[in-house]
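Here's the structure we're looking at; comments come further down.
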Amino acid sequence: MLELNKIYHGDCIELMKEIPDKNIDVVITDPPYGILGGSKSIGGSKLYKANEYNLEWDNERMSEEVFKEFQRISKHQIIFGYNYFSDFLPPTNALIVWDKKEKNNWFDNFSDGEIIWTSYKKPLRIYRQLWMGAIRRGERIKRQHPTQKPVELMEWIIRNYTEEGQIILDPFMGSGTTAIACINTNRFYIGIEKEKEYVDIANKRIEEHKKKTVETMRYQPRVKRW
C-alpha cells in the first residue's frame, strides 16, 4: 500500500497495482485529455503560450484501462473532463458543472466551464467561480501548471462528496492542488505524478502552504477569557 500524505513520481497505472481493492475512499483527478500536446497556445488565447509549460504529459488522453483501475482501488471516483471520456464513463445523474464565467453575456476563446463526472447517486450540482485565463477569483497565485485548478473548487468538491479522515487519491496530481485542499479539509491524500518537474513543484507548494498555515495560527489574536 502506498503511504498517506505523499506524492509519488511514476506512472499511475503501475503504482496503483500496489493498492488493494477498494482501499481508497475517493479518486479525485483531472486526467490528461490529449488535446494540449503540440498546442501553440492554451485556451485559444495568447495570454499563455504553450512553450511556457511542459505539455508532453497531455499527448494522450487517459485510457479506459486507467479508469477501470480507479474502479478497482476506490469506492468512488470524481473525474474532470467528462466530455473527453464519455465513451467509457458510465451514465450518471451526479455530474458537477463548474461555471467559470458567472455571466451569460461574456464570450471569448476560453470555455465557459468544465463538466466533472462522479460515481455518486446525487443530483447534478453547479459550482461557480470565475477562472478565465489570467482573470481568477479567489486566488492570487502564479499558475504553475497549464490546467491548474483553484483550491476553493477542490475544497468544495471534497467537502461535499467526502468525509473527514477519508483517503483521497489523485493519480494525476500536477502542481499539488488536490493535496492542499485535502490538508485544508482534514483528509488524507496520496498523489501520483509522472512528470518529475511537477512533483517538485507540488512538494514545494505543500511545504510552503504548511509553513504559511502554521504562521497564520501563531499570530492569530488570542481571545481573553474572563
Side-chain angles (χ1 to χ4, degrees), residues 2 6-19 23-39 42-43 50 53-92 94-98 100 111 113-120 127 131 143-151 153-158 161-162 167-182 187 189-199 201-202 205:
L2 303 182
K6 181 175 179 179
I7 299 178
Y8 289 83
H9 175 219
D11 189 323
C12 68
I13 197 68
E14 295 300 322
L15 284 166
M16 286 191 294
K17 292 176 182 177
E18 300 181 27
I19 302 176
N23 205 261
I24 301 295
D25 290 297
V26 190
V27 169
I28 302 178
T29 195
D30 182 22
Y33 305 162
I35 61 171
L36 290 179
S39 298
I42 297 169
Y53 302 100
N54 169 15
L55 300 178
E56 292 181 5
W57 52 269
D58 199 51
N59 286 332
E60 295 181 6
R61 71 170 187 158
M62 180 185 73
S63 67
E64 186 173 9
E65 176 191 10
V66 174
F67 174 68
K68 290 190 178 203
E69 194 66 1
F70 292 172
Q71 290 181 306
R72 180 188 69 79
I73 65 172
S74 66
K75 299 165 189 171
H76 284 288
Q77 306 83 40
I78 299 175
I79 301 174
F80 282 73
Y82 170 65
N83 40 318
Y84 296 101
F85 310 112
S86 59
D87 53 331
F88 59 77
L89 292 178
T92 180
L95 292 174
I96 301 169
V97 178
W98 174 18
K100 295 182 177 182
S111 295
E114 294 190 26
I115 305 173
I116 305 161
W117 180 92
T118 87
S119 62
Y120 291 88
Y127 175 85
W131 196 264
R143 187 196 295 250
Q144 296 176 291
H145 190 283
T147 62
Q148 187 167 316
K149 300 297 183 288
V151 173
L153 165 64
M154 301 310 293
E155 285 185 10
W156 182 87
I157 291 173
I158 289 169
Y161 291 85
T162 74
I167 301 172
I168 294 172
L169 170 70
D170 188 343
F172 300 98
M173 179 60 84
S175 61
T177 301
T178 303
I180 291 173
C182 285
R187 273 70 166 175
Y189 69 85
I190 299 173
I192 302 173
E193 173 54 47
K194 195 172 183 179
E195 301 294 333
K196 181 62 166 58
E197 171 189 358
Y198 291 124
V199 173
I201 288 172
R205 278 187 73 196

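For reference, positions follow the sequence shown, starting with 1.
Residues passing the side chain to side chain contact (heavy atoms under 4.5 Å, CB included) test with Ile115, sequence neighbours excluded: Tyr82, Asn83, Leu95. Residues satisfying the ring pair (Phe, Tyr, Trp, His ring centres under 6.0 Å) criterion with Tyr8, sequence neighbours excluded, are absent altogether. Residues satisfying the side chain to side chain donor-acceptor pair (under 3.5 Å) criterion with Lys68, sequence neighbours excluded, are absent altogether. With sequence neighbours excluded, the residues forming a salt bridge (Lys or Arg N to Asp or Glu O under 4.0 Å) with Glu14 are Lys17, listed by chain and number. Contacts of Ser74 classified as side chain to side chain donor-acceptor pair (under 3.5 Å), with partners at least two apart in sequence or in another chain: Gln77. Partners of Tyr161 by ring pair (Phe, Tyr, Trp, His ring centres under 6.0 Å), not counting sequence neighbours, listed by chain and number: Tyr120. Every residue two or more places apart in sequence or in another chain that forms a side chain to side chain donor-acceptor pair (under 3.5 Å) with Lys75 is listed here: Asp25. Partners of Ala202 by side chain to side chain contact (heavy atoms under 4.5 Å, CB included), not counting sequence neighbours, listed by chain and number: Ile7.
Note that the CE atom of Met154 and the NZ atom of Lys149 stand 8.0 Å from one another [nearest 0.5 Å]. Within the model, atoms SG of Cys12 and CD1 of Ile190 stand 13.0 Å from one another, a figure rounded to the nearest 0.5 Å. Expressed to the nearest 0.5 Å, how far CE of Met173 lies from CD of Glu195 amounts to 15.0 Å. In this structure, Leu89 CG and Ile79 CD1 are separated by 5.0 Å, a value rounded to the nearest 0.5 Å. How far OG1 of Thr177 is from CD1 of Ile28: 12.5 Å, rounded to the nearest 0.5 Å.
Met62 and Phe88 make their closest contact through O-CZ, 3.7 Å (heavy atoms, listed as atom of the first residue, atom of the second, distance). Considering every non-hydrogen atom in both Thr162 and Ile158, the closest pair reads OG1-O, 2.6 Å. Between Thr178 and Ile168, the closest heavy-atom pair is CG2-CG2, 4.2 Å.
The shortest distance between side-chain heavy atoms of Phe85 and Val66 does not fall below 4.5 Å. In this structure, the side chains of Trp156 and Ile96 come closer than 4.5 Å at one or more pairs of heavy atoms. The side-chain heavy atoms of Ser86 and Trp117, taken from C-beta on, include no pair separated by under 4.5 Å. Using a 4.5 Å cut-off on side-chain heavy atoms (C-beta onward), Met16 and Ile192 make contact. Residues Trp98 and Pro150 meet the side-chain proximity criterion, which asks for heavy atoms closer than 4.5 Å. Counting only heavy atoms from C-beta outward, the side chains of Pro171 and Phe70 approach each other to under 4.5 Å.
Residue pairs meeting the salt bridge (charged side-chain N to carboxylate O under 4.0 Å, His left out) criterion with at least one member in residues 169-182, sequence neighbours excluded, do not occur.
In this structure, the side chain of Arg187 does not engage the main chain of Ala181 through any donor-acceptor pair within 3.5 Å. With hydrogens and angles ignored, the 3.5 Å screen pairs no side-chain donor or acceptor of Arg205 with any backbone N or O of Ala179. For the pair Glu193 (side chain) and Gly174 (backbone), a donor-acceptor distance under 3.5 Å is present.
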query: Does the side chain to side chain contact (heavy atoms under 4.5 Å, CB included) test come out yes or no for Leu153 and Phe80, once each step is laid out?
result: CA-CA 12 Å; Leu153 165 64; Phe80 282 73; 3.9 Å; yes
Test log, rule side chain to side chain contact (heavy atoms under 4.5 Å, CB included), inputs Ile116 and Tyr127 = CA-CA 11 Å; Ile116 305 161; Tyr127 175 85; over 6 Å; no
